[in-house]
Amino acid sequence: MNDVFAQLVGQPEAVATLRAASRAAAAVLRGEAVGAGAMTHAWLFTGPPGSGRSVAARAFAAALQCTEVRKGPFLSDSVVEGSPLNDEAGPGCGVCTGCHTALAGTHPDVRFVVPDGLSIPVAQMRDLVLRSATTPANGRWQVLLIEDADRLTEAAGNALLKAVEEPPDRTIFLLCAPSDHPDDISVTIRSRCRVVPLRQPGAEAVSTLLVERDGVDPATAAWVAAAAQGHVGRARRLAGDREARDRRAAVLAVPRQLTGVGACFDAAAALIEAAEAEAAASVAATDAAERAALETALGAGGTGKGSAGAARGIAGQLKDLEKRQKSRATRAQRDALDRALLDLAGFYRDVLNARWGGAVAPVHADTAPLAEAAAQRWTAESTLRRLEAVLTCRTAIDANVKPRIAVEAMMLELWQG
Amino acid sequence: MVSQVPSPALTPVVLVLGDEELLVARAVTDTAARARVVDPAVELREMDADTLLVGELAEALSPSLFGGRRVVVLRRGQDAKKDVAAMLLDYVKAPDPEVTLVVAHAGGAKGKAIADGLAKAGAEVVPAAKITKHRERVDFVTSEVRRLGGRCQADAAEALIEAVGHDLRELAAACAQLIADTDGRVDAATVARYYRGKAEVSGFAVADAAVAGDLPAALEALRWALHSGVDPVPIADALADGVRTVARVASAGRGNAFQLASSLGMPAWKIEKAQRQARGWTPEGLVKAMRAAADCNAAVKGGEEDRGYALERTIAAFARARAGGSR
């Protein structure tokens with residue numbers, strides 16, 4: 001179970017593709033001839049959030065850097081050419097130095113781009129493209145992995161396009177995006193990539209993973225897997241983080257609190273404040289550490305003659321840092337709000353499902369009675385309108401509407417139905 | 001606080017407290033003028049307190065070998081270093097009669113000890129704080145006209161402020177121009193003859209009219225605001241804020257504005273205004289208006305081609321929502 005692809009839940013097709021490609025990549029390295037299209041220089045992993053886009057990309061990167069092909073768990077001596085087991089054979093043992101360092105993010109030839117701000121600026125992309133053109137240090141592959149490629153600005157996308165168009169021999173580009181829609185990734189980049197579509201893993205697959213890998217007890221695993229709506233990371237956070245569970249409970253209490261216009265505004269303010277607090281808590285420690293490091297590097301806090309002048313000079317640099325930190329905080333806040341809105345949308349989906357007597361299981365098992373009760377009172381149309389209001393709010397926040405205004409409008413519509 | 005009639009006696013230490021440039025500059029010129037009355041050959045020295053060394057200050061404040069008066073203007077008194085501040089406070093206890101020291105202080109919390117110390121030691125304090133209240137601005141205009149030898153009623157002052165804007169320098173210049181152009185009597189008709197239009201219309205003025213259901217006034221205010229360069233985004237935010245305020249105040253029920261202030265987290269005047277505006281709104285109307293405000297927020301941030309039209313449509317939607325009409 002050490003295999004790098006084992007972390008990819010419920011994606012058999014994608015895993016088969018990636019295994020075949022990494023086998024072909026290993027063959028290329030050995031100098032053997034492989035068929036056209038067996039290995040490709042650019043890959044695009046698409047799928048809904050939580051489906052494991054970045055996990056797949058990382059696993060593939062590890063498989064490309066795996067140095068222990070022959071000792072891998074699936075390619076022991078017992079495997080003979082042509083046997084069905086061979087489909088599972090290939091690089092990616094998960095234990096060799098290559099795999100381990102690639103997964104841990106310390107491999108010299110694997111470069112991760114994990115944007116924590118709102119977008120990936122062109123300057124950063126140019127720098128990365130330049131580095132990606134160098135020969136791999138270990139003689140295998142130079143891998144550039146871009147998580148959230150949908151956050152590339154137009155200029156950054158074009159800078160990347162140039163490299164993807166004429167790639168160096170041993171460079172592999174791995175991009176992750178929610179979909180291959182032009183809104184997410186430009187058509188010019190997409191047309192030069194091989195797309196690996198990932199699907200939303202089923203609740204059973206997620207709960208099995210939680211039980212097996214994280215040791216969560218089966219009952220908890222079952223409900224958090226359903227509540228996370230196929231998002232593996234979110235399910236794990238719900239299972240392990242008490243505060244995350246409390247926040248979710250607070251969000252699911254919202255529909256009951258909407259008793260009037262004033263209550264709507266209070267609920268909106270509470271939701272925004274909770275998201276702000278969550279975001280602030282997640283970035284506060286990093287922000288303070290970054291600031292302290294920069295100040296130390298620039299010689300702040302010094303005493304004596306001339307120290308005041310030096311301190312004035314660092315203000316500009318601190319301002320730049322604050323700008324970056326603000327972008328990160330805004331993103332963290334929006335992400336937190338989006339999670340809350342998804343939970344809320346799940347509740348209204350449950351109501352609709354209960355109203356229609358659908359055969360599918362509820363998203364939020366713990367509020368199922370509440371959803372049943374609501375289904376008695378609300379018509380299907382008004383429930384749909386409410387669901388629509390939540391989804392409109394998500395789109396609006398994505399379109400840079402002030403979160404407070406978008407959430408207030410949503411709350412009022414949830415109340416009115 | 002605005003009128004600055006030069007006092008005849010020349011005090012040895014003057015503290016100009018505040019950061020309204022025009023008033024600070026006037027206080028300094030007035031003091032210099034007063035000194036010139038006593039001695040026409042008075043020497044004027046200006047220095048910045050933040051880069052000043054103790055020795056320089058001591059030299060400036062000590063009597064001249066050849067006699068003669070001197071006016072020392074110390075700018076940015078709030079930025080004075082510790083030793084300079086200590087010396088200032090020491091000097092003010094026994095000022096040199098031949099020297100007039102003018103200390104300009106921004107009036108904030110920074111370097112408060114200097115301002116307090118000087119005032120306590122008997123320095124003449126000239127207030128020069130920024131004018132923020134409308135009433136004070138009207139007073140400034142009327143007193144400005146009077147200072148220039150004219151007469152001016154409050155309505156004329158209001159009209160002038162609306163047309164020229166809030167900048168004191170521009171207002172002072174406009175007053176001087178009006179006095180020069182007329183016989184000294186400034187009334188609303190005079191102002192209307194020379195000044196037309198509105199200089200500053202904030203998003204809140206637009207929102208107030210829109211939420212009150214006054215469609216023509218709201219559209220007019222919007223046009224003025226856009227014309228004078230107010231960005232559509234703050235106007236859209238103000239519109240949303242208007243609906244929010246009315247909705248929260250209306251749902252809080254009737255009550256004393258001052259009692260509601262703490263529970264709603266808003267100043268009492270805002271609540272009083274919203275209570276007046278809330279008449280005529282139904283909860284359903286507020287839902288529609290808030291939706292329109294949220295859509296408008298997206299529209300002005302790149303959602304639509306014509307941001308002005310998006311705002312106009314939102315204002316019209318407010319009026320319909322208030323009247324209880326359908327979307």
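Keep in mind that this is a model prediction, so the values were computed, not measured. Labels below follow one simple rule: chain letters A, B, ... track the order of the sequence lines, proteins then strands, and each chain is numbered from 1.
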Near [X] [atom1], under 6.0 Å, is it more than 12 heavy atoms from other residues, nucleotides or ligands?
{"X": "Arg313(B)", "atom1": "CZ", "value": "yes"}
{"X": "Glu322(A)", "atom1": "CD", "value": "yes"}
{"X": "Glu305(B)", "atom1": "CD", "value": "no"}
{"X": "Glu21(B)", "atom1": "CD", "value": "no"}

Proximal component of Thr392(A), with respect to chain B [non-hydrogen, under 4.5 Å]: side chain
Could you tell me if the side chain of [Y] sits less than 4.5 Å from the side chain of [X], heavy atoms only?
{"X": "Arg404(A)", "Y": "Arg244(B)", "value": "yes"}
{"X": "Arg248(B)", "Y": "Asp266(A)", "value": "yes"}
{"X": "Arg291(B)", "Y": "Leu412(A)", "value": "no"}

Ala294(B) to Ala409(A) - nearest heavy-atom pair and separation: CB-CB, 3.6 Å
Ala252(B) versus chain A, the contacting section by heavy-atom distance below 4.5 Å: neither
Residue, of Ala240(B), Ala247(B), Gly302(B), Ala298(B), that accumulates the most heavy atom pairs under 4.5 Å with chain A: Ala247(B)
Option that, when pairs with chain A are counted at under 4.5 Å, heavy atom only, ranks first among Leu286(B), Asp237(B), Asp241(B):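 That would be Asp237(B).
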Residue selection (most heavy-atom pairs with chain B, distance under 4.5 Å) from Thr395(A), Ile405(A), Asn400(A):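 That would be Ile405(A).
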Main-chain N/O of Val401(A) paired with Lys301(B) side-chain donor or acceptor, under 3.5 Å: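 No: the side chain of Lys301(B) does not pair with the backbone of Val401(A).
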Rounded distance [0.5 Å steps], CZ in Phe265(A) versus CG in Leu264(B):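 If we round to the nearest 0.5 Å, Phe265(A):CZ and Leu264(B):CG are 11.5 Å apart.
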